[in-house]
**Q** 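Here's a structure for you.
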Amino acid sequence: MKKNEVHKDFYNLFNKKESEVLFGKSKINFIKLSGIFIITFLAIGFGQGSLNYLDKKMSDPFINWINVEIPWGHDNIHEMVNLLYSDELKNEYNYNFVSGYNRVFLYFYSNKEQGTFQAEGRTILPDAPLLDVIFSKENLIVGKRFGTENDIALIITKDFAKKFGIDSTSNFLKMSFPISKFEDIWIPLPYVAIVNKLPTNAQFLVTPYFYKQRKSNTNKPIFSPYNTKDLILFTLNSKVNSMDFSKDLNNFLRNDTAISKLDPFVSVGEDSTTIRSGYNVTISFYPMPNSEKIDSIFSVILSKQEFSEYSFERIYLFPTVSVDNIEDNFDYIEVNFTRLDKVNDFSEYFKKTYGIEIGMSLVKTRENFNLVAKLTNFLSILLIIFSLIMIIMFVNNVLSRHLDDISQNLGTFKAFGLPKAVLKRIYTTVILRFIGFSMVFSFLISSLIGYLGGMRLLLYLFRMPLEDGVIYFSLLTYFVLSVAILVFVISFVVVGHLTNKKLLNTPGDLIYKRK
């Protein structure tokens with residue numbers, strides 16, 4: 001038999017008996033250590049879950065976007081945005097996106113209230129990073145993004161939809177549009193999405209193109225109904241029903257003496273510019289009638305009982321027109337920060353460079369949010385350190401007492417020539433198994449408590465505000481794995497130190513328990 005080796009049966013028996021003793025009578029030591037581990041894992045899980053929640057909030061552009069109001073008459077705002085986009089400034093102040101936007105005030109007709117109400121919205125670039133959060137699964141209810149930068153559709157909130165009576169059967173909003181100094185008409189505007197909320201308390205979003213065209217004072221605004229020379233009927237019916245609708249329309253128009261003189265031609269085309277794809281049934285005429293005549297033909301179609309089985313609404317064409325010649329400045333500049341620790345510095349830079357002061361309440365809110373995240377991280381680490389100290393103290397106490405109790409046996413083993421390395425290996429194996437079993441058991445119990453909503457229930461009992469869908473707990477992380485490895489490493493060192501210290505004594509000192 002090689003040096004530092006013992007008979008396998010002796011090794012297994014010794015290992016088993018020592019394990020039983022260290023686990024304690026009725027597994028009391030195992031239960032105590034498991035209790036410490038459960039508290040530790042719950043603390044780590046809650047800390048990690050809270051940090052993940054805060055990190056999610058801090059990476060949410062609704063939190064990380066600073067909106068700077070531009071004073072009236074301030075020039076060169078576009079130049080300001082371009083300068084702020086330099087890599088040097090972005091790296092210095094920890095932001096990654098700068099853009100300008102405008103507030104938009106429009107009047108809409110409320111189907112629910114049967115009246116006209118003003119709503120406030122804002123512009124947004126179709127490729128803005130802010131849209132990634134707006135269209136996150138937590139915020140998006142239904143719909144899609146803008147199709148192009150020239151899109152004239154809207155993105156609306158659920159509160160807007162509720163207020164204006166928007167339901168699943170409608171694809172259009174009714175916007176008030178002036179056709180003369182004394183007369184407004186309702187223009188059907190498509191909307192492409194409904195979301196839970198929008199930044200800056202906006203009720204709807206539009207593209208900068210929409211804003212400039214709506215603000216334009218040209219003689220031929222794109223929203224004018226007079227741009228549309230055809231009669232266009234949008235329907236959510238299936239393609240087959242839409243084709244049947246077009247055939248019935250064609251038969252009616254051809255058989256009407258007055259209308260047939262305009263040589264009506266009916267065609268069907270798919271329309272995907274709205275929240276739900278449908279079909280445009282377009283009626284073209286030759287010679288082209290005036291707007292009043294088209295309006296009267298539509299009224300006749302509406303009055304016919306034979307078309308009542310089809311669901312449709314009249315829409316208009318919005319031609320794409322260049323906006324390069326439309327001068328406009330931004331109302332606000334928005335900055336997306338990757339981290340919030342330089343917000344105050346950025347505020348000071350902005351005031352010094354451009355003479356514009358960012359609202360300090362806004363800056364302080366961001367700074368406080370950042371401080372809470374750092375404090376949470378710090379407290380989480382303190383809890384882990386405290387728990388590690390408790391675990392090591394407990395293991396140290398259990399092993400020290402046990403080695404003192406079996407001091408005579410250890411002396412006898414040494415007297416008979418049992419190598420110190422074998423004894424050290426046995427106790428190291430026993431302790432690590434003791435810790436490993438307790439750790440795995442505690443991890444499973446803690447995961448069960450945490451992922452089934454135990455921490456959320458605890459917060460509820462303390463009347464803390466809770467967010468839907470958040471459990472405030474996370475254990476399946478590399479950080480937890482690192483803590484587990486650290487426990488094993490420290491335990492290995494402690495066991496090695498204690499056994500070495502004990503086994504350095506002579507057999508006689510161990511047997512007679514001499515100091």
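Because the structure is a prediction, the values reported are computed rather than measured.
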**Q** If we ignore hydrogens and angles and just use 3.5 Å, is the side chain of Arg214 paired with the main-chain N or O of Pro221 as donor and acceptor?
**A**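 No.
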
**Q** Asp230 side chain to Ile232 main-chain N or O, any donor-acceptor pair under 3.5 Å?
**A**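 No; zero donor-acceptor contacts below 3.5 Å.
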
**Q** From Asp159 CG over to Gln203 CD, what is the distance, rounded to the nearest 0.5 angstrom?
**A**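 Going from the CG atom of Asp159 to the CD atom of Gln203 covers 8.0 Å.
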
**Q** Do you know which two heavy atoms are closest between Pro199 and Leu130, and how far apart they sit?
**A**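 Heavy atoms of Pro199 and Leu130 come nearest at CG-CD2, 3.4 Å.
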
**Q** Without swapping roles, check the side chain of Asn102 against the backbone of Asn329 for a donor-acceptor pair under 3.5 Å.
**A**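 Such a contact is found between Asn102 side chain and Asn329 backbone.
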
**Q** One pair to check against side-chain contact (heavy atoms from CB on, under 4.5 Å): Phe223 and Leu189. What are the steps and the verdict?
**A** CA-CA 9 Å; Phe223 296 105; Leu189 283 182; 3.9 Å; yes

**Q** Side chains of Tyr101 and Ile124: closer than 4.5 Å at any heavy-atom pair?
**A**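 No; the side chains remain at least 4.5 Å from each other.
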
**Q** Side chain of Asn251, backbone of Lys247: donor and acceptor closer than 3.5 Å?
**A**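 Here the side-chain-to-backbone pair exists.
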
**Q** Counting N and O atoms only, with roles assigned by atom type, does the side chain of Thr235 sit under 3.5 Å from a partner on the main chain of Ser311, one being a donor and the other an acceptor?
**A**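 Confirmed, Thr235 side chain pairs with Ser311 backbone.
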
**Q** What heavy-atom pair brings Pro289 and Ile294 nearest, and what distance separates the two atoms?
**A**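 Here Pro289 and Ile294 meet closest at CG-CG1, 3.8 Å.
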
**Q** When you measure from the side chain of Gln213 to the backbone of Phe210, do you find a donor-acceptor pair of N or O atoms at a distance under 3.5 Å?
**A**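 Not confirmed, Gln213 side chain does not pair with Phe210 backbone.
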
**Q** Apply side-chain contact (heavy atoms from CB on, under 4.5 Å) to Ile155 and Tyr191, showing your working.
**A** CA-CA 6 Å; Ile155 295 170; Tyr191 67 97; over 6 Å; no

**Q** Evaluate the side-chain proximity of Val281 to Tyr310: yes if any heavy-atom separation is below 4.5 Å, no if none is.
**A**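 No, too far: nothing below the 4.5 Å cut-off.
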
**Q** Just to verify, which of Asn150, Thr228, Ile187 counts as forming a side chain to side chain contact (heavy atoms under 4.5 Å, CB included) with Phe318?
**A**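 Between Phe318 and the candidates, side chain to side chain contact (heavy atoms under 4.5 Å, CB included) is satisfied uniquely by Ile187.
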
**Q** Please list all pairs passing the side-chain hydrogen bond (donor to acceptor under 3.5 Å, both in side chains) test where one or both residues lie in residues 439-458, with sequence neighbours left out.
**A**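 Sorted result for residues 439-458: empty, none.
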
**Q** Could you check whether atom CG of Asp127 has more than 12 heavy atoms from other residues, nucleotides or ligands sitting under 6.0 Å from it?
**A**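 More than 12 within 6.0 Å, yes.
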
**Q** Mind listing the closest non-hydrogen atom pair of Phe245 and Phe307 along with its distance?
**A**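 In this case the closest contact between Phe245 and Phe307 is CE1-CD2, 3.9 Å.
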
**Q** Are Leu205 and Arg122 packed together at the side-chain level, in the sense that at least one heavy-atom pair is separated by less than 4.5 angstrom?
**A**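 Counting from C-beta outward, Leu205 and Arg122 do come under 4.5 Å.
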
**Q** Could you tell me whether the side chain of Asn241 reaches within less than 4.5 Å of the side chain of Tyr279, counting heavy atoms only?
**A**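 No, too far: nothing below the 4.5 Å cut-off.
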
**Q** Taking the six-membered ring for Trp, are Phe108 and Phe160 closer than 6.0 Å centroid to centroid?
**A**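 Here the rings of Phe160 and Phe108 have centres that are less than 6.0 Å from each other.
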
**Q** Asn139 versus Val133: any side-chain heavy-atom pair under 4.5 Å?
**A**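 Sidechains of Val133 and Asn139: no contact.
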
**Q** What distance separates Ile471 CD1 from Phe473 CZ, expressed to the nearest 0.5 Å?
**A**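 Atom-to-atom, Ile471:CD1 and Phe473:CZ are 7.5 Å apart.
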
**Q** Please confirm whether the backbone N or O of Lys163 pairs with a side-chain atom of Ser110, one donor and one acceptor, at under 3.5 Å?
**A**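 The answer is yes, because a donor-acceptor pair under 3.5 Å joins these two groups.
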
**Q** Is the count of non-hydrogen atoms from other residues, nucleotides or ligands lying under 6.0 Å from Glu270 atom CD greater than 12?
**A**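 Check passes, neighbour count above 12.
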
**Q** Is there a side-chain contact between Phe350 and Val335 (heavy atoms, below 4.5 Å)?
**A**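 No; the side chains remain at least 4.5 Å from each other.
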
**Q** In sequence, state the C-alpha distance, the side-chain angles, and the governing distance for Ile301 and Ile283, and then conclude on side-chain contact (heavy atoms from CB on, under 4.5 Å).
**A** CA-CA 12 Å; Ile301 292 174; Ile283 308 171; 4.0 Å; yes

**Q** For Tyr85, does the OH atom have more than 12 heavy-atom neighbours from other residues, nucleotides or ligands under 6.0 Å away?
**A**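 Yes - once you tally the heavy atoms of other residues, nucleotides and ligands closer than 6.0 Å, there are more than 12.
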
**Q** Do side-chain atoms of Asn227 reach the backbone of Ile222 as a donor and acceptor pair under 3.5 angstrom?
**A**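 Answer holds: yes.
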
**Q** Checking side-chain contact (heavy atoms from CB on, under 4.5 Å) for the pair Tyr354/Val68: CA distance, chi angles, key distance, verdict?
**A** CA-CA 11 Å; Tyr354 303 109; Val68 184; over 6 Å; no

**Q** Measure the CD1-NZ distance between Ile194 and Lys158 for me, rounded to the nearest 0.5 Å.
**A**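 Reported value, rounded in 0.5 Å steps: 11.0 Å.
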
**Q** Side chains of residues 261-269: which donor-acceptor pairs under 3.5 Å do they make with residues two or more places apart or in other chains?
**A**
{"residue": "Asp263", "atom": "OD1", "partner": "Arg254", "partner atom": "NH1", "Å": "3.0"}
{"residue": "Asp263", "atom": "OD1", "partner": "Arg254", "partner atom": "NH2", "Å": "3.3"}

**Q** So does Asp132 get a backbone contact from the side chain of Ser136, meaning a donor-acceptor N/O pair under 3.5 Å?
**A**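 Side chain of Ser136 to backbone of Asp132, a donor-acceptor pair under 3.5 Å: no, none is there.
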
**Q** Using residues 88-100 as the side-chain source, report each donor-acceptor pair under 3.5 Å to any protein atom, sequence neighbours left out, with the distance given to one decimal.
**A**
{"residue": "Asn91", "atom": "ND2", "partner": "Asp87", "partner atom": "O", "Å": "3.1"}
{"residue": "Asn94", "atom": "ND2", "partner": "Asp341", "partner atom": "OD1", "Å": "3.2"}
{"residue": "Tyr95", "atom": "OH", "partner": "Leu84", "partner atom": "O", "Å": "2.6"}

**Q** Has the side chain of Glu313 got a donor or acceptor atom that lies under 3.5 Å from a matching backbone atom of Phe234?
**A**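 No, Glu313 side chain to Phe234 backbone: no donor-acceptor pair under 3.5 Å.
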
**Q** Do Asp184 and Ser176 have a side chain donor and acceptor closer than 3.5 Å?
**A**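 A pair is found: one side chain offers a donor N or O, the other an acceptor, under 3.5 Å apart.
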
**Q** Atom CG of Asp248 and atom CG of Leu253: how far apart are they, to the nearest 0.5 Å?
**A**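 Interatomic distance, Asp248 CG to Leu253 CG, rounded to 0.5 Å: 10.5 Å.
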
**Q** Is the CZ atom of Phe105 crowded by more than 12 outside heavy atoms at less than 6.0 Å?
**A**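 Counting other residues, nucleotides and ligands, CZ of Phe105 exceeds 12 neighbours.
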
**Q** Do Glu334 and Thr200 have side chains that get closer than 4.5 Å, going by heavy atoms?
**A**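 Not touching, per the 4.5 Å side-chain cut-off.
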
**Q** Does any part of the side chain of Leu173, heavy atoms only, come nearer than 4.5 Å to the side chain of Phe164, both counted from C-beta?
**A**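 Not in contact.
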
**Q** How many angstroms lie between CG in Leu448 and CD1 in Ile38, if you round to the nearest 0.5 Å?
**A**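 Answer rounded to 0.5 Å: 10.5 Å.
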
